[in-house]
There are 2 protein chains.
Amino acid sequence: MALPETSKYSQGSVFNGVNPDLASERQTASFSVEKLTAWLDGGAEHTRIRRAVVEAIESDPVFSRENQYFQSQNERYEAAVRKAVHLQIKMREMGWTENGPESKYIYRALSGDFAFLLHRVFMRSIVVLGSDKQIAKWIPLATQYRVIGSYAQTELGHGTYLQGLETTAVFDITTQEFILNTPTISAMKWWPGDMGRSATHTVVFAQLYIHGKCYGVHPFIVQIRSLQDHSLCPGITAGDIGPKMSFEHTDNGYLMLQKVHVPRENMLNKFCEVQPDGTYVTRGTEKINYFPMTTVRISIISDEVIIPLMKACTIAIRYSVVRRQSKLNPGEQEAKILDYQTQQEKLLPQLAAAYAFHFINNYLQEQLDRGYKEVQRKNFDTLPELHACSSGFKAMVTQYCTSAVEVCLRACGGHGYSLLSGLPSLYTKILASCIYEGENTILLLQTARFLIKCFMAASAGQPIPPSVTYLAAVKPGKCPAKSKLDFLNPDIYIEAYQHTAVRLISSTAAKLQDIIQSGVKKYDAWNQCTVQLVQAAKAHCHYISVENFAETVEKLETKPAIQKIMKHLCDLFALHGIFSNAGLFLHDGYLSGAQMDMVTASYLDLLAVIRKDAVPLVDAFDFTDKSLNSALGSYDGQAYQRLYEWAQKSPTNKQISPAYEKYLKPLLHNTLSKL
Amino acid sequence: MALPETSKYSQGSVFNGVNPDLASERQTASFSVEKLTAWLDGGAEHTRIRRAVVEAIESDPVFSRENQYFQSQNERYEAAVRKAVHLQIKMREMGWTENGPESKYIYRALSGDFAFLLHRVFMRSIVVLGSDKQIAKWIPLATQYRVIGSYAQTELGHGTYLQGLETTAVFDITTQEFILNTPTISAMKWWPGDMGRSATHTVVFAQLYIHGKCYGVHPFIVQIRSLQDHSLCPGITAGDIGPKMSFEHTDNGYLMLQKVHVPRENMLNKFCEVQPDGTYVTRGTEKINYFPMTTVRISIISDEVIIPLMKACTIAIRYSVVRRQSKLNPGEQEAKILDYQTQQEKLLPQLAAAYAFHFINNYLQEQLDRGYKEVQRKNFDTLPELHACSSGFKAMVTQYCTSAVEVCLRACGGHGYSLLSGLPSLYTKILASCIYEGENTILLLQTARFLIKCFMAASAGQPIPPSVTYLAAVKPGKCPAKSKLDFLNPDIYIEAYQHTAVRLISSTAAKLQDIIQSGVKKYDAWNQCTVQLVQAAKAHCHYISVENFAETVEKLETKPAIQKIMKHLCDLFALHGIFSNAGLFLHDGYLSGAQMDMVTASYLDLLAVIRKDAVPLVDAFDFTDKSLNSALGSYDGQAYQRLYEWAQKSPTNKQISPAYEKYLKPLLHNTLSKL
């Protein structure tokens, strides 16, 4: 490429179509990208609607993310509020509704970079936990933004352990009010989004006291800011918790309550209520309080976790066919870095994981829909399985995808480290998903508790929930594979995963029993097994993911080209997992060392196969350049020019830094002593 | 803890001494923290000097990092320049010199947050690559900051593959000048620190052409900005590359050269020279051009990698005894989170790694000192081993420590994600170390190439360098351990690591031979083995780290209390590695599944043992609160109060956001349509 005149660099674009190194990758796709996109969307009609939403949003300058990488926390917040408010206008203009088919694509198109996300959680908690009367009062107000809501659960001193929350709500029978209070610094609400600067109301979780007796944690609607002038209400101290690794646009807040009075009707009371005389009445189970968290957990998997990984794969894989570095063979042109086995081994397993988790998300949505129907009918029997399942997958998928995005970032070398690549902001944001809505280790231990319980029940011949019936059919034995090709048979690898999960669960259950029988207290014994329990829970989720992927592939028989490439990805996902966790499969000899060599051989072979379709496989995710917001990953592959163009927009290039006159000049001119 | 009056929150500190939960941890140390600190520093006298430097720096308000988390890229840059300039004054004032004993502690005390780091690399390249005459000319100018230097090697299109650099330097015999040129966009220099806004000069690496013949990459001193007014010199285009994941304070820059004339004397010519008639003369080896990178690689391990990990461990471990969450036993007080096995398993292996790598750093410094002496004597024989060693350890240590810092961050839950914890900035900065000064995968493959070569030589009975002699003594066999206690014997685990490294190197060498013998070209065959070659190189470095740790412990016999706890950490480092890479040790049956269970049991036992000394072990790193700059990790353990105090200083709390009047008010008051 010849160097254009310098003057051209600084004006608009000098890009001439698609970089041939990227274009050539699209010539040889083994399947129709458009058909794969439609299938991933759940049908061509969904694709059409999604693209219409994306087009409407991205053509509107208010929603532009062009300057995002150059903005301060204050600027990001202001832009996010502006976008959220403008979205109301836009929705009216476009005829979109909250429950319409466009709804889920709006969020995706905005890349989450707008305010009032917690307002939606506020509304969801009222819908799930509120009485019909409460719903009738608050939901219209919230829908029309007469109030802006938040969700104040986490405290400075308590996150995962809800029973330990310290905020109190004392029922005052004389005034028919609850008096909410923050008794210690550590009881301050801390982190709730939209609370630091925006919300007028919030759902506060507090320990309910009636006549001096504690009834545990309950949700209360509390007004925190004036609807007239937005000033803080009496007894309220609130503000922003300051800078975070990401989410600069969100005003995560703190909240202190000093004897704040709230009417009796403001306790969300679908499932339990305090009557005027102080009688505490419960309808259903308090476990239902956790139900909104279950639904939130599942909803974030798609929006906050899988989409970012798909974007990261798109950026890293496109860049890896545009970047040429070093020579595979002397005398040849420098090679595309995706032609190096090590680069394939970094990126392609992450691509396979993105697909695997897209399918797991479908699986979880189905489970949730079924569970929600039961809860509506006041049948809470499916809650433990749903809770265990959503907890384990939330932990496994967020952990896996966070590592995967980091791999993508690092795989782009120095340019991946530039904010302009789009990868750092994907990473710093997805990392939070490992922490919020339940810290991952705690969640995995909840899954493990469920698994151990089910395993014991199965051993005693009792019935167990559908997702864990494999625990009842423990078969010792060895893997029957005899060649590397055998490991491309899903039955072979599914069985290996199943065997490993059962082994880890049963051996940990046995260790737990042994320790307890040796006289150690049950809780201490549990603590001594937690490292292995976490391993067991992960193995269970990994097994379900592999099996679900294989089942998805099987159902594709009417789309042979797509089925073929999906089968490769499924194999890669499964074999990568075995290769990366070899110890778990070798431990009891289920796989031999020789078989592990076959796994490795098949795994490495697959990399070279999938590499050919790598670009079409990310193109099928169908992200626009604006939504990727990446100088490296755009559709045309003009990475270097774009990096240079974007860098020039940086505020660091907008003016001569005062540092020269103040510090550099005196230093260079040796007049420092005069400073 | 009772809630102080609200008014008190917003004024100064309300801290009352050390949090008792942290204080109690210090009562039971099994060793003298002060003695351990002195030993880590290399003697009490070093500790004294270090503390004096830290005290002098931290008591000077110019060096304050108090507002660091709230500053923009422009503000960070200006502060960094101010600090670097002020440092010159400070050094004069304190009588510190560049080569004095204080020198290495100054950098540590400033936490790297000052400008002109590349100025030091600029000087080092002149010292190593320049003739005596060039050194005599440039070093005094640079020392007195009559010029500010940078080091321009990396280009937009080329990082690791130096031979592929595109910048050209054509010798013009008539004017006795080199004409430097940037022939393509991808040839633009990109990333060099201090270059975007500060430097007046830089060492440019360019392809040397004489009479149309290319002589490969050579270093040239090029002036880029006027010494009078700092304007760009003719033919120079330069600027800042914009926002990055960290290093906001550094003006990483871009540089385009359009027919820039440079006098013949500006090619650094200690090892090769262009004579006036265009004759190219070489003295020594061109490999020496890579020597500065080797020294930089080793120097960053200490400053940029191990210190940040030590800080992250300090913050996370102190916080983990202050944070109480959930109950181990019902009816008891909530437990310190460090009492949970899973939390121990997150943090204590990282602590052990910090110690392991501190000792590896000593090992590398010794190797480097020996190598440098040889190079000074024009003996380049040790360069291949030194290069392989520095490459492998740079990759292994940066990768390990980056993951470790991330573990520390996540282990602090939501509060770890706040910038105020100090952990995000440690993470985003250390992550860069995996990329700069050689991308890690490339570096590991260079180590692997050396290992394969040595293995072949050893197999052929030829002599091999000292660090790899173990490759000549391949002993097949099984691990002799019979109980979990046997795995606390360093001979047992060192042998296991050695066996595994040899197995991976030899099996990959065999695979490589097989592929080549099957008719595949050598370079393609190499590419097909790279995933396993990387594994082999890592295993080699891991083995050396374990052995070096064990040898360090052995030499501690005169300090029994310190020796005892260091032995525990060495065991933990070794067993954690086996537990986490179980597949590598089980693969050929060197360890059986039953032995792996013993490893696991010993490993988990060690966690509970080391947990008791966890706080004293991080206290011994001797970081001041100012150097940690963490609301979570301060010496007094008042994490919650400090988070609240610091949050209030955030610019997000400094003013009413214009977002209210502009967007929220019209929304809430339903006057949006009037907008």
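Proteins come first, then strands; the chains are lettered A, B, ... in the order of their sequence lines, and each starts at number 1.
When the candidates A/Ala115, A/Gly413, A/Ala79 are compared by the number of heavy-atom contacts under 4.5 Å with chain B, A/Gly413 comes out ahead. Between chain A and the options B/Gln528, B/Met596, B/Lys665, the largest number of non-hydrogen pairs under 4.5 Å is found for B/Gln528. With chain A as the partner, the residue from B/Trp526, B/Tyr340, B/Trp191 showing the most heavy-atom pairs under 4.5 Å is B/Trp191. Between chain B and the residues A/Tyr77, A/Phe247, A/Tyr427, the most heavy-atom pairs under 4.5 angstrom are made by A/Tyr427. For chain A, the option among B/Leu227, B/Ile435, B/Asp240 with the highest count of heavy-atom pairs below 4.5 Å is B/Asp240. Your options are B/Tyr69, B/Tyr254, B/Phe579, and the one with the most heavy-atom pairs under 4.5 Å with chain A is B/Tyr254. Comparing B/Leu156, B/Leu586, B/Val81 by heavy-atom pairs within less than 4.5 Å of chain A, the highest count is held by B/Leu156. Considering only heavy-atom pairs separated by less than 4.5 Å from chain B, the leading option among A/Ala432, A/Gly164, A/Ala582 is A/Ala432. Contact count versus chain B (heavy atoms, under 4.5 Å) is highest, among A/Ala647, A/Ser326, A/Gly242, for A/Ser326. Among the candidates A/Met245, A/Lys244, A/Lys522, the residue making the largest number of heavy-atom pairs closer than 4.5 Å to chain B is A/Met245. Taking B/Gln532, B/Glu661, B/Lys346 one by one and counting their heavy-atom pairs under 4.5 Å with chain A, the maximum is reached by B/Lys346. The most heavy-atom pairs under 4.5 Å with chain B, out of A/Tyr417, A/Tyr145, A/Tyr436, come from A/Tyr417.
Interatomic distance, A/Asn252 CG to B/Thr652 OG1, rounded to the nearest 0.5 Å: 10.0 Å. One distance of note links CG of B/Asn527 with CD of A/Gln343; it measures 11.0 Å at 0.5 Å rounding.
Considering all non-hydrogen atoms of both residues, B/Arg146 and A/Asn670 come closest at NH2-CB, 3.2 Å. Pairing each heavy atom of A/Leu420 with each of B/Ile241, the nearest pair is CD1-O, 3.9 Å. The two residues A/Tyr644 and B/Thr237 make their nearest non-hydrogen contact at OH-CG2, 3.8 Å. The two atoms that bring A/Leu664 and B/Arg197 nearest to each other are CD1-O, 4.1 Å, heavy atoms only. Counting all heavy atoms, side chain and backbone alike, B/Arg323 lies closest to A/Gly159 at NH2-N, 3.4 Å. Counting all heavy atoms, side chain and backbone alike, A/Tyr660 lies closest to B/Gln228 at OH-O, 3.3 Å.
Between the side chain of A/Gln325 and the backbone N or O of B/Tyr161 there is at least one donor-acceptor pair closer than 3.5 Å.
Both the backbone and the side chain of B/Asp597 come within contact range of chain A, each with at least one heavy atom under 4.5 Å from a heavy atom of that chain. Heavy atoms closer than 4.5 Å to chain A are found in both the backbone and the side chain of B/His415. Proximity to chain A (any heavy atom under 4.5 Å) is restricted, for B/Val534, to the side chain, taken from C-beta onward. Heavy atoms closer than 4.5 Å to chain B are found in both the backbone and the side chain of A/Thr428. Neither the backbone nor the side chain of B/Tyr603 comes within less than 4.5 Å of any heavy atom in chain A. Only the side chain of B/Glu332 comes within contact range of chain A, with heavy atoms under 4.5 Å apart. Residue contact with chain A, scored on non-hydrogen atoms closer than 4.5 Å, involves the backbone and the side chain of B/Leu328 alike. With a 4.5 Å cut-off on non-hydrogen atoms, B/Leu584 does not touch chain A at all. Using a 4.5 Å cut-off between heavy atoms, B/Asn329 contacts chain A through both its backbone and its side chain. Neither the backbone nor the side chain of A/Asp588 has a heavy atom closer than 4.5 Å to any heavy atom of chain B. At a 4.5 Å heavy-atom cutoff, B/Trp646 makes no contact with chain A through either its backbone or its side chain. Proximity to chain A is limited to the side chain of B/Thr600, based on heavy atoms less than 4.5 angstrom apart. Heavy-atom distances place the side chain of B/Glu406, and not its backbone, under 4.5 Å from chain A. Neither the backbone nor the side chain of A/Ile442 comes within less than 4.5 Å of any heavy atom in chain B. For B/Leu409, the part sitting under 4.5 Å from any heavy atom of chain A is the side chain, from C-beta outward, and nothing else. Only the side chain of A/Thr200 comes within less than 4.5 Å of a heavy atom of chain B; its backbone N, CA, C and O stay farther away. Neither the backbone nor the side chain of B/Ser72 comes within contact range of chain A, judged by heavy atoms closer than 4.5 Å. In this structure, chain B has heavy atoms under 4.5 Å from both the backbone and the side chain of A/Glu78. With a 4.5 angstrom heavy-atom cutoff, B/Asp339 touches chain A only via backbone atoms.
A 4.5 Å side-chain heavy-atom check between B/Gln344 and A/Val531 finds every atom pair outside the cut-off. Between B/Ser418 and A/Pro243, the closest side-chain pair of non-hydrogen atoms is not below 4.5 Å. Inter-residue side-chain proximity for A/Glu334 and B/His158 is flagged as met; some heavy-atom pair is nearer than 4.5 Å. Contact of the B/Ile148 side chain with the A/Leu667 side chain is registered, since non-hydrogen atoms from C-beta on lie closer than 4.5 Å.
Salt bridge annotation for A/Glu439-B/Arg410: absent, with no cationic side-chain nitrogen under 4.0 angstrom from a carboxylate oxygen.
Between the side chains of B/Thr530 and A/Gln341, at least one donor N or O sits under 3.5 Å from an acceptor N or O.
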Checklist entry - Between B/Leu668 and A/His230, is a side-chain contact (heavy atoms from CB on, under 4.5 Å) present by the stated rule, with each step listed? => result CA-CA 10 Å; B/Leu668 288 163; A/His230 219 237; 4.1 Å; yes
